[in-house]
Amino acid sequence: MKLTVWTYEGPPHVGAMRIATAMKGVHYVLHAPQGDTYADLLFTMIERRNHRPPVTYTTFQARDLGADTAELFKTAARDAFERYRPEAMIVGASCTAELIQDDPGGLAKAIGLSIPVLPLDLPSYQKKENWGAAETFYQLVRALVDQSVDRPPRLAGDRPRCNILGPTALGFRHRDDLLEVKRLLRRLGVDVNVTAPLDATPDDLRRLSAADFNVVLYPEIAGAAAAWLERTVGQPAVRTVPIGVGATRDFIEEVARVAGVDPSSALEDCATRLPWWSRSVDSTYLTGKRVFIFGDATHAIAAARVASEELGFEVVGLGAYNREFAREVRAAAEKLGLTALITDDYLEVERAIADLQPELVLGSQMERHIAKRLRIPCAVISAPSHVQDFPARYSPQMGFEGANVLFDTWVHPLVMGLEEHLLSMFRDDFEFNDEAGPSHLGHGAPPASPAPAAPVTSALTWSSEAQAELAKIPFFVRGKARRNTEAFAQERGIDQIQLETLYDARSHFSR
Amino acid sequence: MTTLLDTLSRRSQPSPARGREVLRERGQREVFCGLTGIVWLHRKIQDAFFLVVGSRTCAHLIQSAAGVMVFAEPRFATAIMEERDLAGLADANEELDRVVDELLARRPEIRMLFLVGSCPSEVIKLDLSRAAQRLSKKHAPDLRVINYSGSGIETTFTQGEDACLAALAPEAPVAPAGAPPSLLVVGALPDIVEDQFRRLFADLGIPRVDFFPPRRSGDMPPIGPSTRFLLAQPFLGDTAQQLEARGAVRLPALFPFGVEGTTAWLKAAADAWGVAPATFAAVVGPGQERGRRAVERHRAALEGKRLFLFPDSQLEPSLGRFLARELGMTLIEIGTPYLNRTLLAQELDALPEGVVLSEGQDVDRQLDRCRAARPDLVVCGLGLANPLEAEGIATKWSIELVFSPVHGFDQAGDLAGLFARPLRRHALLRV
């Protein structure tokens with residue numbers, strides 16, 4: 001058993017729902033107890049979908065367990081087929097139904113539907129949402145792709161064709177990333193054969209094999225399917241995730257290489273303002289801002305590169321909650337001289353952030369709550385999603401426009417350069433009350449806790465003079481000043497921090 | 001003043017309305033399970049912690065159901081069972097002890113721990129009652145450990161609160177024999193509503209009033225034959241049975257939704273204490289007046305509008321009664337996951353003729369009926385609301401009805417407002 005306060009990922013059948021809901025003409029019959037229908041609201045409320053997910057739940061109750069839950073499943077599958085007339089059906093069990101071992105696959109086969117019925121085996125007690133999505137997509141691709149379709153030989157002058165794999169329902173900005181990536185491909189002169197799973201039909205999956213190569217937008221979702229297509233149908237996969245200016249350029253070059261086209265016109269596209277925004281003088285205050293990054297592996301790794309190379313931040317922590325991609329995250333962290341934090345324990349992430357006292361947190365909605373509590377600015381870069389992560393406006397993470405979005409959303413929570421200048425100019429002004437906090441941290445945010453956090457070692461104390469001086473330091477660097485001073489004092493065996501200690505530490509740590 | 005209650009109590013039993021035909025449905029039930037109740041119960045009992053023994057689905061449900069990721073470290077959590085727990089590689093009791101120790105180390109201020117059973121823990125027959133006993137003994141006297149099931153195979157949404165309170169009732173001290181009669185109000189209410197009721201009962205001259213569940217686990221009210229209790233919520237059947245088993249006597253009444261319901265509910269207590277009608281009228285008069293005025297403001301938006309209620313919280317018959325009788329809405333169908341005819345006897349009698357009552361659910365068929373009826377307003381769960389709105393049907397999400405203060409005179413207007421707002425919005429928007 002694992003004590004869990006919040007979870008980053010839902011169970012694997014929710015991942016399967018994300019695939020079924022993304023697609024058209026697929027229905028998911030889920031053997032599940034009453035209550036598991038809560039998952040519908042993820043799509044109808046968080047993503048504001050205007051249709052119920054194409055999922056039929058058996059919603060068995062205790063009294064059914066004594067009777068015939070298998071019959072219940074068959075009835076549900078038959079009724080779902082009659083009512084919704086899908087082109088393909090996926091069947092499976094949620095965590096509870098897995099325990100009663102009714103074999104939804106066998107039962108569905110027994111009723112003899114005229115459409116492909118795909119049994120899903122998603123071990124609920126081992127795996128999680130992303131894995132469930134990847135497995136479902138892989139199984140669907142494997143079952144439906146027509147391997148006999150030979151790619152027509154490409155004649156000179158034919159445009160190369162690719163599939164875009166990975167966007168799902170309830171995906172973090174998948175809707176907009178897709179448009180951005182299609183724009184890049186168009187610019188490169190590459191046609192899109194099929195996009196899947198988002199808006200794809202079973203027939204679309206059948207003709208995946210007609211493309212020359214695959215673009216994997218989200219390795220968490222499409223990695224397994226793309227690997228199988230590579231092995232079986234011989235389609236190479238483009239795996240660079242185009243988040244950030246540098247990665248978008250790399251993506252363009254990789255696509256150009258695989259497709260055999262010239263990347264130069266796409267590379268010259270000046271749609272991104274990030275490079276200049278980052279070089280303009282107001283941005284100098286961004287230099288070396290200490291940033292903590294946590295999310296799914298793909299978004300966290302991409303964010304680390306953008307933060308360090310394109311915004312000039314110092315990445316002080318990097319981690320991900322999906323262990324399946326721990327290797328990649330560890331490698332990215334190592335390059336930055338860090339040890340990756342691989343955990344799905346929210347409390348562990350909270351401890352890491354509290355210890356590191358970063359100036360900016362880039363994380364999921366969970367980290368947003370941690371940051372709010374610790375009064376650290378935060379921007380959201382990754383699922384798990386919240387209704388706010390489905391903005392009405394166009395807001396991709398990928399491509400050149402995505403880079404613009406990253407610049408704005410990461411920099412706006414920070415105190416702007418000019419504002420920072422004014423803060424230090426007026427910090428001793430009697431009318432300047434920084435306890436109220438900056439306006440951009442949200443209206444009605446409670447004032448910073450006046451009680452200082454416990455020092456690193458309990459033996460350490462602050463003289464009242466030093467304490468008062470600490471309070472004069474603007475709140476957004478106060479935590480760092482405090483931590484540095486205490487570390488400095490501790491190293492030197494100082495028990496009580498005096499005014500001098502504070503300034504000695506400051507000179508010691510000044511960059 | 002002749003109240004509705006007076007009228008009702010003169011009726012012979014069984015009343016014709018109680019023989020009302022009920023459409024019983026079995027199919028997909030689009031409802032939450034009882035674990036959802038933890039979201040409001042943990043706010044009510046301020047030194048209690050709710051530990052669900054379940055799966056990742058349970059944890060995901062609770063955090064998704066109410067969008068409750070606002071409490072950085074809430075007083076609920078899930079002990080997620082993993083492969084080794086199921087394969088018997090780990091001893092469930094040892095694992096539970098370890099998790100509880102871990103929890104208590106983080107939250108030493110917790111005085112009451114609920115071990116909440118889930119679908120998977122019920123299916124593998126994990127005996128949480130024995131675990132609770134063992135852990136209670138181990139951590140006595142600082143911590144009491146109680147268990148109940150909020151599993152979807154046994155409980156629907158608000159039944160989780162019923163199961164919780166039914167498990168809590170035996171923990172209450174026994175009222176000494178010959179104790180003077182005391183009033184117990186049963187059901188988790190927001191503190192502000194409790195305080196309003198407390199003032200009204202004091203003004204009526206009822207000397208001792210307790211609320212159950214208490215705000216702190218140490219303040220459990222004594223319960224015994226001298227206890228008269230009012231249910232504040234219609235879904236507390238098992239809790240009522242537990243209280244009755246200890247000799248407490250239920251005061252049947254309409255539930256305190258709207259002016260009429262609140263009046264009847266208070267009257268039931270007033271009658272039990274022999275409060276003079278003039279005193280009663282004087283005490284409740286100002287609240288009634290305020291309530292009527294507040295409700296009246298929403299009448300224009302709701303009168304004559306046709307209402308369809310999907311099953312969710314078991315509040316549906318009471319809400320239907322309020323909306324039909326005090327706001328003039330026309331009821332098409334009242335769905336409820338479970339119909340307790342005893343507790344709802346007064347409510348069923350008060351419902352207008354012609355409304356379809358349905359118990360249980362086959363959501364696809366119910367949606368067919370709903371679409372065919374083209375109601376002006378649908379009360380339904382979060383999974384159905386946006387899809388119906390996209391079809392042009394105004395909806396009110398039912399979960400708000402259990403999270404918001406809606407009981408009593410001073411919330412009657414707010415309660416009406418919850419239903420009027422979607423219609424006002426539909427009328428306002430020009431996009």
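Heavy atoms only: backbone and side chains are in, while hydrogens, waters and symmetry mates are out. Convention: sequence-line order gives letters A, B, ...; per-chain numbering from 1.
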Pick one of side chain, backbone, both or neither for [X], based on which atoms fall under 4.5 Å of a heavy atom in chain B.
X        : value
A/Ser94  : neither
A/Arg52  : both
A/Leu3   : both
A/Arg49  : backbone
A/Glu129 : side chain

- Item | Closest-packed option against chain B by number of heavy-atom pairs under 4.5 Å, given A/Ile100, A/Thr44, A/Asp36 |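 Between A/Ile100, A/Thr44, A/Asp36, the count favours A/Thr44.
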- Message: Under the criterion side-chain contact (heavy atoms from CB on, under 4.5 Å), I'd like the reasoning laid out for A/Lys2 against B/Glu82: C-alpha separation, chi angles, the key distance, then a yes or no.
- Response: CA-CA 8 Å; A/Lys2 186 161 176 12; B/Glu82 293 167 320; 3.8 Å; yes
Atom pair [atom1]/[atom2] of [X] and [Y] - distance to nearest 0.5 Å:
X        : Y       : atom1 : atom2 : result
B/Ile153 : A/Gln61 : CD1   : CD    : 9.5 Å
A/Gln126 : B/Glu83 : CD    : CD    : 4.0 Å
A/Thr75  : B/Gln28 : OG1   : CD    : 13.5 Å
A/Thr4   : B/Phe76 : OG1   : CZ    : 12.5 Å
A/Thr7   : B/Ile62 : OG1   : CD1   : 10.0 Å

Does any heavy atom of chain A fall under 4.5 Å from the side chain of [X], the backbone, both, or neither of them?
X        : answer
B/Asp362 : neither
B/Val52  : neither
B/Val100 : neither
B/Ala90  : neither
B/Val123 : side chain
B/Leu388 : neither

Residue, of [options], that accumulates the most heavy atom pairs under 4.5 Å with chain A:
options                             : answer
B/Val99, B/Leu35, B/Thr78, B/Asn386 : B/Thr78
B/Arg98, B/Arg84, B/Glu389          : B/Arg98
B/Val31, B/Leu103, B/Asp364         : B/Asp364

Report yes if some heavy atom in the side chain of [X] is under 4.5 Å from a heavy atom in the side chain of [Y]; otherwise report no.
X        : Y        : answer
B/Arg106 : A/Leu347 : yes
B/Pro74  : A/Trp6   : yes
A/Val5   : B/Arg75  : no

- Query: Is any NZ, NE, NH1 or NH2 atom of the basic residue among A/Asp79 and B/Arg365 found under 4.0 Å from an Asp or Glu carboxylate oxygen of the other?
  - Reply: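 No salt bridge links A/Asp79 with B/Arg365.
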- Indicate yes or no: does B/Asp368 engage A/Arg83 in a salt bridge with an N to O separation below 4.0 Å.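 Result for this pair is yes, salt bridge flagged.
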- Do B/Thr156 and A/Gln34 pass the side-chain hydrogen bond (donor to acceptor under 3.5 Å, both in side chains) test, and can you show the C-alpha distance, the side-chain angles, and the key distance before you say yes or no? CA-CA 8 Å; B/Thr156 303; A/Gln34 167 177 265; 2.8 Å; yes
- Please step through salt bridge (charged side-chain N to carboxylate O under 4.0 Å, His left out) for the pair B/Arg56 and A/Asp344, ending with a clear verdict. CA-CA 12 Å; B/Arg56 180 165 301 283; A/Asp344 62 352; 3.8 Å; yes
- Candidate list A/Val14, A/Ile46, A/Leu42, test side-chain contact (heavy atoms from CB on, under 4.5 Å), partner B/Ser64, passing option: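 Only one of A/Val14, A/Ile46, A/Leu42 forms a side-chain contact (heavy atoms from CB on, under 4.5 Å) with B/Ser64, namely A/Leu42.
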- B/Thr57 and side-chain contact (heavy atoms from CB on, under 4.5 Å): which partner among A/Cys95, A/Ser124, A/Pro33?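 So the option named by the test is A/Cys95.
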